[in-house]
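In what follows, chains are A, B, ... by sequence order, proteins preceding strands, each numbered from 1. Keep in mind it's a predicted model, so treat the numbers as computed, not measured.
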Number of protein chains: 2
Amino acid sequence: MVTLAEVAKHAGVSASTVSYVLSGKRSISSPTRERVEKAISELGYHPNAGARALAGKRSHIIALVVPLRTDVYVPIMMEIAISVTVAARSHGYDVLLITNDEGPEGVRRVAASGLADGVILMDVELDDARIPVLRETGTHAALIGLPADTRGLACVDHDFAGAGALCAEHLADLGHQDIAFIGYAPGVYQRHAGYAERTLSGFRERAAQRGLRVLHRPCEGSYESTAGALSRILADRPATTGFVVQNEGAIGPLLSLLRTSGRVVPEDASVVALCPDPLAEQYSPRLTAVTGPAHELGRQAVALVMNRLDDRPTAEVSLLTPVLTPRESSGPAPVR
Amino acid sequence: MVTLAEVAKHAGVSASTVSYVLSGKRSISSPTRERVEKAISELGYHPNAGARALAGKRSHIIALVVPLRTDVYVPIMMEIAISVTVAARSHGYDVLLITNDEGPEGVRRVAASGLADGVILMDVELDDARIPVLRETGTHAALIGLPADTRGLACVDHDFAGAGALCAEHLADLGHQDIAFIGYAPGVYQRHAGYAERTLSGFRERAAQRGLRVLHRPCEGSYESTAGALSRILADRPATTGFVVQNEGAIGPLLSLLRTSGRVVPEDASVVALCPDPLAEQYSPRLTAVTGPAHELGRQAVALVMNRLDDRPTAEVSLLTPVLTPRESSGPAPVR
DNA sequence: TTGTAGGCGTTATCAT
DNA sequence: ATGATAACGCCTACAA
């Protein structure tokens, strides 16, 4: 193993000079710097992470706590995880993956051991058990998602309420009056997942403003449950012409079922999905969809943690604006 | 921060005793052990990771290198990543997430810096650029996937050839004679992704043995490309009654298109998917599917790395047996 | 602009 | 069965 001392000897300077060349924390004359850099690359030197962490009091690692649950759309989680990792690297940080089966103690473990300098929590619940640990240990953290009490916490999330409102707005503009909202599984609402509730309430509120009639149906996301939800919708409100879907599993079945029931999209029924654009593009017809910038979530979460590490003040909550992309699945309400 | 020395003082023992209580590397009398453990929990002591890595020459971290590409089925990647993390924890290890945009240098970086004690590579290509780095640095590693030259490397993967054969076997047993294989995008075959080629050749070989006529069509996975592939299949081989799909994006469209073209599954056409069971269960009809145990991949990869870290010998390549679960989408070939 | 030296918290080797 | 102590490799005041 190549050490800093060996580099120093090879370059004919002292160890501290090499260290300072690396950290840039004091000015070095060009000739010295070049000799050191040459030595570094000739010897293939890589600073020892453990020693650096011990002496420098910073591991240059942040922990990313991911949920084990799979009822959230997995590709999005992955996209966020990857954007977090890439963003962290651009700050000279690495990312440690922590699964939520360790529970709140996982957070304590990585923070108290100095394994990680900061923590990013994904899939934050309204009353998240990891938050007390954060407060208690004073861990630098950023949350992806909104807990009930955000005081003193840095949070980023999609503006789900805005996304819901956007759906209502779009369908109202197209003249639809009866809208069904096909949502996540009942359990998601029962555990008061913030994103599900916020989307729904944003949607309901705007729908009310625009005088729309609204029906909300939770749905497991399987073909059968979608069929059940749809048939109940059509039984209860035969005049329904607009559908908002916030459940990736229900999209395919819904389109099939509408087709089977003789409804042509978008002539007879409009569909707006709350889902990532690549997914929306896969269907036929391509779906009008509302999406938030997933990779931006990761970037901002990392930025928040970095700010706190350098104790720079940051806004507590930042909500990312969703975008509605009109595609082929939505059109003017049919004339009666 | 609570240190080992503080725990020692609190328990009235020496630092080394505390260390040995923690590591279990020498016998400790019950009374002392209890005093030390009491002190540890009273003070809330967590060993400093950096110091431990420096002194012990082991970071207790393994790096997991994940692809950035999204043409592989993302939920599977996530499942593997999570199973790796959980398995690693059970060995007292944490997992560092490395994205492949760092390239082979990323591997060198984490290995040379001692950040990670070992590496797990996902999405390994036949001639993977990261492998020379592994060889050169002597890094303890496990590969998920099979490179062309496995000498000296520990590899785990699904038995894709076996999976392909299983599909052919199943359809042959049901009396089908003309089978179409709807595969991944052309690019996947062009870059000689091992899993795609191996599945196809395993399928072809068994099909030949059973006297089946076979047509292979790459497919982007969108509705349009699936429609294109299907219409060409039906034009070239109107007698086709069996479909094997190895492309998650093409499954939904294929089922829709078959229905639209008046073909009832499984009466007129049988469909066998190479996909995870949860996905297979989502469709209507539920799909007969061939799956490998994704979480087992993660477990074994971790086990391989651990073996190498403790320099225990291990088999070089282990292929996990796939399972075919018959569901509603496959049945006897229609009588002509 | 560069060098010297003490310390970071643990592990492991020697003693006892 | 337990203690003292020298590394481990780097960072950073303090000196020059």
Let me know the distance between [atom1] of [X] and [atom2] of [N], rounded to the nearest Å.
X: Met1(A); N: dG9(D); atom1: CE; atom2: P; value: 6 Å
X: Arg26(A); N: dC14(D); atom1: CZ; atom2: P; value: 14 Å
X: Lys57(A); N: dC10(D); atom1: NZ; atom2: C1'; value: 12 Å

To the nearest 0.5 angstrom, please state how far the CG atom of Leu320(A) sits from the CD1 atom of Ile144(A).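 If we round to the nearest 0.5 Å, Leu320(A):CG and Ile144(A):CD1 are 9.5 Å apart.
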So how far is it from Thr17(A) OG1 to Arg35(A) CZ, rounded to the nearest 0.5 Å? 9.5 Å
Counting only heavy atoms and a strict 4.0 angstrom limit, can you tell me which residues of residues 15-23 of chain B come near DNA chain D?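 Going residue by residue through residues 15-23 of chain B, the ones with a heavy atom under 4.0 Å of DNA chain D turn out to be Ser16(B), Thr17(B).
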So if I take residues 28-48 of chain B and measure heavy-atom distances to DNA chain D, which residues fall below 4.0 Å?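 Those residues whose heavy atoms fall under 4.0 Å from DNA chain D, taken from residues 28-48 of chain B in numerical order, are Ile28(B), Ser29(B), Thr32(B).
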Do the side-chain N and O atoms of [X] and [Y] include a donor-acceptor pair separated by under 3.5 angstrom?
X: Asp159(A); Y: Thr321(A); answer: no
X: Asn307(A); Y: Thr314(A); answer: no
X: Tyr93(A); Y: Asp117(A); answer: yes

Any salt bridge (Lys or Arg N to Asp or Glu O under 4.0 Å) pairs touching residues 78-97 of chain A, not counting sequence neighbours?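 Residue pairs passing salt bridge (Lys or Arg N to Asp or Glu O under 4.0 Å), neighbours aside: Arg89(A)-Asp94(A), Arg89(A)-Glu102(B), Asp94(A)-Arg109(B).
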Which residues pass the salt bridge (Lys or Arg N to Asp or Glu O under 4.0 Å) test with [X], not counting sequence neighbours?
X: Glu42(B); value: Lys38(B)
X: Glu6(A); value: none
X: Glu105(B); value: Arg108(B)
X: Asp128(B); value: Arg130(B)

Which two nucleotides bound the region of DNA chain C that has atoms under 4.0 Å from heavy atoms of chain A, read 5' to 3'?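 So the outermost contacting nucleotides come out as dT1(C) to dG9(C).
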For DNA chain C, which residues in residues 2-11 of chain B have a heavy atom at a distance below 4.0 Å?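 Listed by number, they are Thr3(B), Leu4(B).
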Go through the structure and list residues passing ring-ring contact (aromatic ring centres under 6.0 Å, His included) with His10(A), not counting sequence neighbours. none
Here's a test of your reading of the structure: between Val13(B) and Ala51(B), which maps to the more 5' nucleotide of DNA chain D?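 Looking at the nearest nucleotide for each, Val13(B) comes out on the 5' side.
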Using C1' atoms of five pairs at each end, report the bend of the helix from dT1(C)-dA16(D) to dT16(C)-dA1(D) rounded to 10 degrees. 30°
For a side chain to side chain contact (heavy atoms under 4.5 Å, CB included) with Ile62(B), tell me which candidate from Val119(B), Val95(B), Val110(B), Leu96(B) qualifies. Val95(B)
As a test of understanding, state which of Val36(B), Thr32(B), Val13(B), Ile28(B) forms a side chain to side chain contact (heavy atoms under 4.5 Å, CB included) with Tyr20(B).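 One option only clears the test, and that one is Ile28(B).
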Taking all atoms of both residues into account, what is the closest heavy-atom pair of Pro67(B) and Met77(B), and its distance? CG-SD, 3.6 Å
With no angle test and no hydrogens, is the base of dG9(D) tied to the side chain of Arg52(B) by a donor-acceptor pair under 3.5 Å? no
Applying side-chain hydrogen bond (donor to acceptor under 3.5 Å, both in side chains), can you list everything that pairs with Thr137(A), at least two apart in sequence or on another chain? Thr139(A)
